[in-house]
Structure formats: structure tokens, C-alpha cells
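Worksheet for the structure shown next.
Reckoned from all heavy atoms, side chains included, excluding hydrogens, waters and symmetry mates.
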Amino acid sequence: MIEKNENVFHLRGKNISYIMSVNECGDLLHCYYGKKLRGKSYDWIKQRWIIWGGYASDKWTLDICPQEYPAYGYTDLRSPAYRIIGKNGSGVSRLTYKSHKITENAASEIEGMPSLFAGGKNAQTLDITLEDKNLGYEVVLSYTVFDEFDIIARNVKITNISDAQIKIDSAYSASADMPKDDYELIYFSGGWGKEREMCRESVPQGVKIDISNARGGSGHNMNPFVMLASKGADENHGEVYSMTLVYSGNHSTMLECDQYGGVRIMQGINPFGFEWVLDSGESFYTPQSIMCYSDKGIGGISRELHDVIRQNLCRGKWADKERPILINNWEATYFDFTEEKLLRIAEKAKDAGIEMFVLDDGWFGKRNDENTSLGDWVVNTDKIPSGIGGLAKKINDMELKFGLWFEPEAVNPDSDIYRLHPDWIVRTEGIEPAKSRHEYLLDLTREDVRRYITDAVCAVLSSANIEYVKWDMNRPMTDMPYNGFNHRFTLGLYKIIEEITSRFPNILFEGCSGGGGRFDAGILAYMPQIWASDNSDAVKRLQIQYSTSIAYPISSISAHVTAVPNHQNGRVTSLKTRGDVAYCGVFGYELDITKADDEEFEEIKAQVKTAKALRRLMADGDFYRLENPYTTNYCAWETAAKDKSEAFVMCAKVLSVINSGEKRVRLMGLDADADYRDEYTNAVYGGDELMYRGFEPTYENRDFSTQILHLIKM
Ligand code: DGJ
């Protein structure tokens, strides 16, 4: 709900208030963001202005005023939310209120980029137009609020209304000036095989922190999701503010603690390597930043974002649907397969109850290793004599679905398409373009390149009964020819995936980028699940899935049971542990099932049955993290049905410790007045007992032991 009261805008979500006001000089000031206020009187806002020194322009300084979209140089000397250079070469800017518009039942739409949709919910959008009268441009700040969520989704549109060119050097999507407090910054760094490691730091005065990535996609190294938490906030307590960028390119979340202890936090496109020239009449849109607030700790943020992402960001029929249990041949065969081998894996998988067979890299051109054929999307009939259509049919005849891997954004130098169009790759004139994993990136800013990719992928998808696509992207972006290229590339990517996913609405798309190198809300808008990491070791996965679940729904986190010793880190864990860890995600297998002995095969069969029984819960349940694997020797998590009818719990003890005594695990989200029966042991517990007293997990006397419970309300 959005209320305008004189010069005050009050946005209310389910439990939140966000208040702004226009002062007498026309500045749009930030007044409050947090737990819902009734908004009976706004006198306190005027009182704050008096403290700041009155209303006349010669009396106050914006340096001490919290603002909505601050500039640098006109009395505010903190890091700015935008910098636009006019024909006089100056970036000094003063934005003042011009007009506003409130649209009912609508979410902000952003040209060329995904964003939240209203989807029949009570959503309202406030567009506030500010103007720089000196340089001649307008800035529209858009705020979408939903009655049933605790989020404010923001984006910015900049329009040149002058006769001269202007140049945007930076334009964040959202900026929040938070009052002085003891904050901690929580962010997710990492690298290949160790994506989204949870980091937590205090925010001392004077510090400037840039949580950013300039490697092309949203990155293995820094995720575009950040939280500012009250000191000591944990899973269930404390105030937490988060920002999620709906974007898959270079990003930045910039934080500055000013000389008075106030914290400015801004999120958007990374200004590094960015610029955008606007001719007269042209507009520029930033991506959307979703701001979320919880006074119930980090867990409160997660459950809210999970619902928002599943219900109002992921498009298409798979968003909230139970996902098929798949087997992928990558770790089973890598490039070394024949059609017979694939069919043997599929046959055995079918016997185990698996529902889909996915053919990974190596099916096209002459591709038998990483060096060749990327971009030549024509089946290699030496390896697959029946072709993709024939193979899909054989798989379908086994009553399995068929899925296929692509890496559409890249080419190998040794490919027909590169030989035909050497000018299609991303390169800077005069410099030998860099190869990464023997690949060049295609220049998605070009219409002809986008057409080639779209047509080539669609041709394959039309040629066979393909029901799932794994969309991979295996290299960082080098050789960018000009500032702003990365953003244009990202817009090009969205055009391609928008067209392909709309043309094939029944296909389930999974994002991937050398593991989880592009795990972001932009991709999730089109592809409701993403391969979380090439590191499939169950122990490392405890951390990766734990921290990924903070920002993203578990229905988006692909989690496969793979062989041991693990191919990435050599660790040996039991099949039980690997399965138990993968259940809270999109469950699947990535191993040579034909090599499983009878006992292992029976266990896989049982796991598939278990995963099928759990997957409805994983698609729309509430997720609770109970023990943190970053700070303890344990990990525990739980998914509870929203109606409290069932819950699944996974507890893990990483290293075996003799005589340690097990800390009890206390569950959440159950009905205190009901009893629950554990499907696996038939033990009966009270909901109150499980939540208030908890239970002591029983671990085996070995490393990497896990216990699971599937609790059904009696
Ligand atoms: C990287 C992905 O993360 C893997 O799962 C696999 O698809 C390979 N690429 C194939 O090249």
C-alpha cells in the first residue's frame, strides 16, 4: 500500500514501512525503513529537518541528510548513487522533485531486463520523477511494494531531456541511507568449487566496501546479494536488511559508513568499466534491486525472498512445479561416451525410478574434449548415430524424459562457426583475444550473433522431444572493447533467453556457469533452477547449499549425488550422506549408475523414492537453517510445509568427535499442538517437543554422518 500525505510518501508491505519525503527545497529525503509504522503523524520528519538546519538552501547540507538517490558534489561528499556528466564536463548534480505517479496492481517493468511481476497480487508502484534542471535530465525512481511481502523493489530510469548528449558514469539501482547503528555486513564471496562462502564483517566508521564483480557474469567470486544486519543478528533474531540484484552482469553493492556513523548502501551495475551515453530523448534503465527487511533474523529474510522469487520472479510453468529427478552423464562419462553407453546409463536409471536423462557436454560437432566445436550445434553422429531426435526417442521409449546441455554464448577457435565468422567474438582491436577454457565469447551485443544463437538452439530444440535444457557458460569475460560493453552483452543475453524460453514454455531450463558462477535473480527469472557448484562433495555442499539458501529458494538449487572419491576434492562420503545432503535442493544423480553394485543400486532406488516423497515440500515449503556449517562442526536444516502438515530435517556432523555430546537440534515451523510421526523410524514426537526441547541427533561413529527425519502430522 502506498500513501501520500502532503509531502510524505509512506510505502507499506506486510510488516514493513518505507518512508520518504520531499523537503521545501525539493530534495527527496529518506526518512524511515523498517518495521511497519501506523503513520499517524509525520511531525517527526519536520523535527529532523530542523535538526539538520532548516529549509533554506544556504542553511543545510545534504552531507548529513539521508537521501533516496544521492549525488556527489552538491553539498553531499559521500559516495554517490549516480554520476552523470553534462556537456560542461561537470558531474555536479542536484535532483529535485518534479512529479509522481502511483499505479495500482502493477509492478515496475524494466526495458530489456527481468523484474518482479505482480502476478495478480496486490502490488503498487510509485514512480517519483526528479529533475536535474541544470543538465537537463530526469530520473524516475520506481518503487514496487506488495501487500503480502516485506520487500521494496527498486529501479531507476534516466532520460535525457536536453538537446545535448549526457554521459552516465554510474547509476545504482537503489540506495539506502541507514541510520547510525552497530551493523554487520554479510556477503557471499568464493570461487570455482567454493561458491557463495558466507562472510561477515563489522562496519566501522569511515570504511568503504565494494562487494562487486567485474568478471563478466554475476560471478563465482561475489554474489549480487548482500545483507546489513544488526550486530549479532542470527537466523531467528535481529534486524536484517538485504539487497538482491536482479541482474546477471558486472555488479556492485557499495557500502560507506560516513563520518557520523550513518551507512549508505547502494546496489546496481558495477560502475567500473561502465559508461552510457544518452542522446537527447534517450533513456537508460537500471536493473531491479529487491530490498527486503526482517526483524526475525536472517531466516526471516530467506523465507520472504524464497516466496518472492518463486512466486513473483521465476516465470513459466516450472516455477512452483515439482522437478523431475534426473541423471546427468557429465561426471559419469565426461566427453567419453557412445550412444550405447548413454542408453545403458538411462536404462539403469529408469530401473531406479529416475525420471529424466540429461546429456551433457560433448554431443555436437567433433567435440571429444574442451578444445573443439563449441558453437557448432549439430549432433556428432559418430558418437550418437541416432541423432538427438533418435536418442531422445529411445530415451522416451524407456519412459524417461530427455534433457540436453548447451553453452550458447561461447565458441572454440576450432569450430566451423568461428571459421565462418571470426568477427563475431568479443575482442578489442589490436589485441589477440584471450581464450579461457579454449573458448572465445560471442558478441551478444550484435543482432546477427543473437539471431544465430537463437536459431541454432531453437533448431535443436524443435528437432527432438527435449524437455530440459542445461544452459552453461564456462568463462569469464575478457577483451571488452569499450566501457558499458558488459551491460550491453547482458541485455543481449536476456533477449536470447527471453525468446528461447518463450518459444519453448514447456521446457525446464537450468542455469549453469562453470558450476554456480551465475547464480543470480536475473537468471532465475527465466530458469527456475541453477547448478549450484561443480563441487559436488557432500561436505562442501553443506556450506554451499546452506549459504545459497540464504538468498535463493532451495527449489532453485540443483544438487546431485555423485561418485566417490569425489571428482573435485577426493573426499569419500557414504551414499547416504550424499543423498541426505541433496534432498533439500533439486535432487538428481551425476554418476555412472551402471557401476553401482546391488547394494548401492537398492540404496539409490530408495533415495529416489524418498526424493519423490519430498519434492513437493522442496518446491514451496519454508526453509529453516538450524546449525551453521561455517562456524560449527555441524549442519542442520529443515523444510516445513506452510500448513505445518509435514517437515523434512537433515542433520550432519562433519568430523567424528569422540565423547562430544550432541547439541540438540530445535525445529521450527511446526504445529505445537500436534504430534508428528517420523516416516523413517515411526517414532512419534510432539510439535512442541521438537520445537522447544528439540532432539539429539544420533550420528554414526564416523566422519560425515547424517541423519534425516520426515515428519508427518498425525
Ligand atoms: C561446467 C558445468 O558446471 C559442468 O556441470 C559441465 O556441464 C561442464 N561445464 C561441461 O563442459
(message) Can a side-chain donor-acceptor contact be found between R677 and N682 if the only test is distance below 3.5 angstrom?
(response) yes

(request) Taking side chain to side chain contact (heavy atoms under 4.5 Å, CB included) as the test, write out the residues that go with D671, two or more places apart. (result) K644, D673, A674, Y676, K713

(request) Decide whether S547 and E197 meet the rule of one side-chain donor and one side-chain acceptor closer than 3.5 Å. (result) no

(message) Quick check with a 6.0 Å cut-off and a 45 degree axis cone: is R315 positioned over the face of Y526's six-membered ring?
(response) yes

(request) Sequence neighbours left out, what passes ring-ring contact (aromatic ring centres under 6.0 Å, His included) with H306? Give chain and number order. (result) none

(request) Determine, for D336 against K341, whether the closest basic-nitrogen to carboxylate-oxygen distance falls under 4.0 angstrom. (result) no

(message) Counting C-beta onward and ignoring hydrogens, is there a side-chain heavy-atom pair between L542 and M650 closer than 4.5 Å?
(response) yes

(request) Taking atom types as modelled, find out whether E510 and S558 have a side-chain donor-acceptor pair closer than 3.5 angstrom. (result) yes

(request) Classify the ring geometry between F648 and H710 as parallel (under 30°), tilted (30 to 60°) or perpendicular (over 60°). (result) perpendicular

(request) With sequence neighbours excluded, tell me which residues meet ring-ring contact (aromatic ring centres under 6.0 Å, His included) with W330. (result) Y334, F335

(message) Pairing donors with acceptors under 3.5 angstrom, does anything connect the side chains of E235 and Y624?
(response) no

(message) For N312 and K121, which I'm curious about, is there any donor-acceptor pair between the side chains at under 3.5 Å?
(response) yes

(request) Applying ring-ring contact (aromatic ring centres under 6.0 Å, His included), name anything that partners Y468, two or more places apart in sequence or on another chain. (result) none

(message) For Y241 and Y183, take the angle between the two ring planes, folded into 0 to 90°, and tell me which bin it lands in: parallel under 30, tilted 30 to 60, perpendicular over 60.
(response) perpendicular

(request) Name all residues meeting the ring-ring contact (aromatic ring centres under 6.0 Å, His included) criterion together with F402; count only those two or more places apart in sequence or in a different chain, and write none if there are none. (result) none

In a table with atom names and distances, give each donor-acceptor pair under 3.5 Å that connects a side chain of residues 694-701 to protein atoms at least two apart or in another chain.
{"from": "E700", "atom 1": "OE1", "to": "R702", "atom 2": "NE", "distance (Å)": "3.1"}
{"from": "E700", "atom 1": "OE2", "to": "R702", "atom 2": "NH2", "distance (Å)": "3.1"}

